[in-house]
Amino acid sequence: MDDVGVSKAPIPWWLAGMILGLVQVLAVGLAKPLGVSTQFVVADAKVLKHIAPEYTANHPLIGSDKYQKFGYGWWLDVGLIVGAFLAALLIHRWKLQTTTVWWRHNYGTSVLRRLLTGFCGGFLILLGARFAHGCTSGQFASGWAQLSLSAVPFTITLFGFGMLTAYLVYRKIPHIDK
Amino acid sequence: MSTIITGLVVGGLFGAALVLAALADPDKIIGTLRLKDFHAMRTIVVFVLVGILGTWVLEFLGLANFDIKPAAVASILLGGALLGIGFGLTGFCPGTGLACAASGRIDALVTVIGMFLGALVFILIYPNVVMPLEKVAGYGKTTLPEITGTPKAAWIIPIVVIGFAALFLTRAKKPATS
């Protein structure tokens with residue numbers, strides 16, 4: 001039943017955008033602009049420190065203090081997971097799902113292929129985010145909030161390649177409830 | 001201590017907002033990248049505009065905490081492209097991937113596992129690949145107003161105009177089909 005089309009968003013776009021924007025302003029006022037992806041490297045660095053302590057200590061990136069302690073950014077990511085979990089529960093959108101409407105509409109019910117694509121996509125997402133010094137949060141949203149020069153090349157390739165890839169991968173358009 | 005609380009509060013609000021906004025919904029992201037469902041795009045436009053204007057206000061009040069990323073243009077172009085491909089394949093980015101995994105999406109959880117591998121490879125290739133690339137077309141930590149010697153308003157006002165133009169162009173058409 002619910003698999004027929006893309007369902008409506010819980011709240012209107014203008015309200016959603018204002019809330020997200022105000023969270024950004026709160027972050028800038030209290031600590032520093034939003035960012036998510038650095039902490040994946042911090043988590044890996046913590047594990048590497050146990051497996052290969054010497055390699056980690058001498059590494060030009062993860063040997064530094066920023067990647068060896070759980071700071072504001074770490075707790076932001078922990079909070080993000082908890083906040084998303086609670087919000088999804090509260091609005092009754094917490095649901096075990098293995099695939100998406102767009103995927104099913106183009107590739108049928110092949111869950112394994114969706115998961116494999118997800119894994120490879122995740123690999124590219126974080127590798128790319130670190131090459132770019134930030135992701136959609138830290139480089140795009142926060143970059144523009146600060147008028148950072150770095151946001152310009154990032155925006156061009158992120159959305160350029162994002163739109164091209166989506167166009168090539170998701171050819172068939174499902175019903176979208178707007 | 002206060003770092004932990006600030007991080008948890010800001011992150012918690014951000015995670016909840018991503019779910020409410022349906023940015024933590026890969027179907028909405030793919031819909032926007034395919035230019036078929038503008039909900040996510042309009043949300044992001046408002047998010048960025050409120051972020052820019054709010055940060056500007058905070059700066060006037062002397063309350064803004066900036067964190068400008070270095071404009072390592074070559075590295076950022078490559079990173080944006082890789083992230084864009086992963087974004088277009090999956091409909092996730094680092095923040096929304098975590099939020100989606102927390103809302104019961106197994107495909108997002110697998111994507112997050114791929115992200116940890118991406119971060120690991122980034123660490124491993126950092127000394128030999130990333131560090132040399134960072135020096136190609138590197139302009140340092142600078143902003144658009146700084147590097148061009150122009151006032152902030154000369155950037156913010158046109159960006160706001162472009163944002164409103166994007167919202168106008170993607171407005172819902174009157175005779176609602178669906």
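Here the structure is a predicted model, which is why all the values come from computation and not from measurement. Labels below follow one simple rule: chain letters A, B, ... track the order of the sequence lines, proteins then strands, and each chain is numbered from 1.
Cation-pi geometry between A:Lys46 and A:Phe70 is met: under 6.0 angstrom from the ring centre, within 45 degrees of the axis. A:Tyr107 does not carry A:Arg104 over the face of its six-membered ring by the limits of under 6.0 Å from the centre and within 45° of the normal. For the pair B:Arg42 and B:Phe38, the cation-pi test (distance below 6.0 Å, angle within 45°) is failed.
Of the atoms belonging to A:Thr117, heavy atoms from both backbone and side chain fall under 4.5 Å from chain B. If you measure heavy-atom distances from B:Val112 to chain A, the contacts under 4.5 Å come from both the backbone and the side chain. The part of A:His59 that comes within reach of chain B is its side chain, from C-beta onward, which places non-hydrogen atoms under 4.5 angstrom from that chain. When heavy atoms are compared at a cutoff of 4.5 Å, A:Leu164 does not approach chain B at all. Neither the backbone nor the side chain of B:Leu53 comes within contact range of chain A; no heavy atom of the residue lies under 4.5 Å from a heavy atom of that chain. Heavy-atom distances place both the backbone and the side chain of B:Lys152 under 4.5 Å from chain A. In this structure, chain A has no heavy atom under 4.5 Å from any part of B:Leu109. Looking at A:Tyr55, the atoms closer than 4.5 Å to chain B (heavy atoms on both sides) all sit in the side chain, from C-beta outward. With a threshold of 4.5 angstrom between heavy atoms, A:Leu96 approaches chain B through its backbone and through its side chain. For a residue to count as touching a neighbouring chain, one of its non-hydrogen atoms must lie under 4.5 Å from one of that chain's; by this rule A:Ile156 does not touch chain B. No part of B:Leu49 comes within reach of chain A, as not one of its non-hydrogen atoms sits under 4.5 angstrom from that chain. Neither the backbone nor the side chain of B:Glu59 comes within contact range of chain A, judged by heavy atoms closer than 4.5 Å. With a 4.5 angstrom heavy-atom cutoff, B:Leu61 does not touch chain A via any of its atoms. Proximity to chain A (any heavy atom under 4.5 Å) is restricted, for B:Leu58, to the side chain, taken from C-beta onward. Only the side chain of B:Ile159 has a heavy atom closer than 4.5 Å to any heavy atom of chain A. Only the side chain of A:Val6 comes within contact range of chain B, with at least one heavy atom under 4.5 Å from a heavy atom of that chain. Heavy atoms of B:Ile147 lying under 4.5 Å from chain A belong exclusively to its side chain.
Per-residue counts of heavy-atom pairs under 4.5 Å with chain A were compared for B:Ile106, B:Val50, B:Ile76; the largest is that of B:Ile76. Ranked by heavy-atom pairs under 4.5 Å with chain A, the first of B:Gly91, B:Ala99, B:Gly97, B:Ala74 is B:Ala99. Ranked by non-hydrogen atom pairs under 4.5 Å with chain B, the options A:Ile173, A:Leu89, A:Leu48 are led by A:Ile173. In terms of non-hydrogen atom pairs under 4.5 Å with chain A, the most contact-rich of B:Pro127, B:Ala64, B:Ala24, B:Gly84 is B:Gly84. Your options are B:Gly31, B:Pro26, B:Ala119, B:Gly104, and the one with the most heavy-atom pairs under 4.5 Å with chain A is B:Gly104.
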For this session: Check the pair A:Gln146, B:Thr55 against side-chain hydrogen bond (donor to acceptor under 3.5 Å, both in side chains), reporting the backbone distance first and the verdict last.
Result: CA-CA 7 Å; A:Gln146 304 175 94; B:Thr55 302; over 6 Å; no

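Of all non-hydrogen atoms in A:Arg130 and A:Val41, the two that sit nearest each other are CG-CG2, 3.6 Å.
Taking the six-membered ring where the residue is Trp, the centroids of A:Phe159 and A:Phe140 are separated by under 6.0 Å.
Atom CE of A:Met18 has 12 or fewer heavy atoms from other residues, nucleotides or ligands within 6.0 Å.
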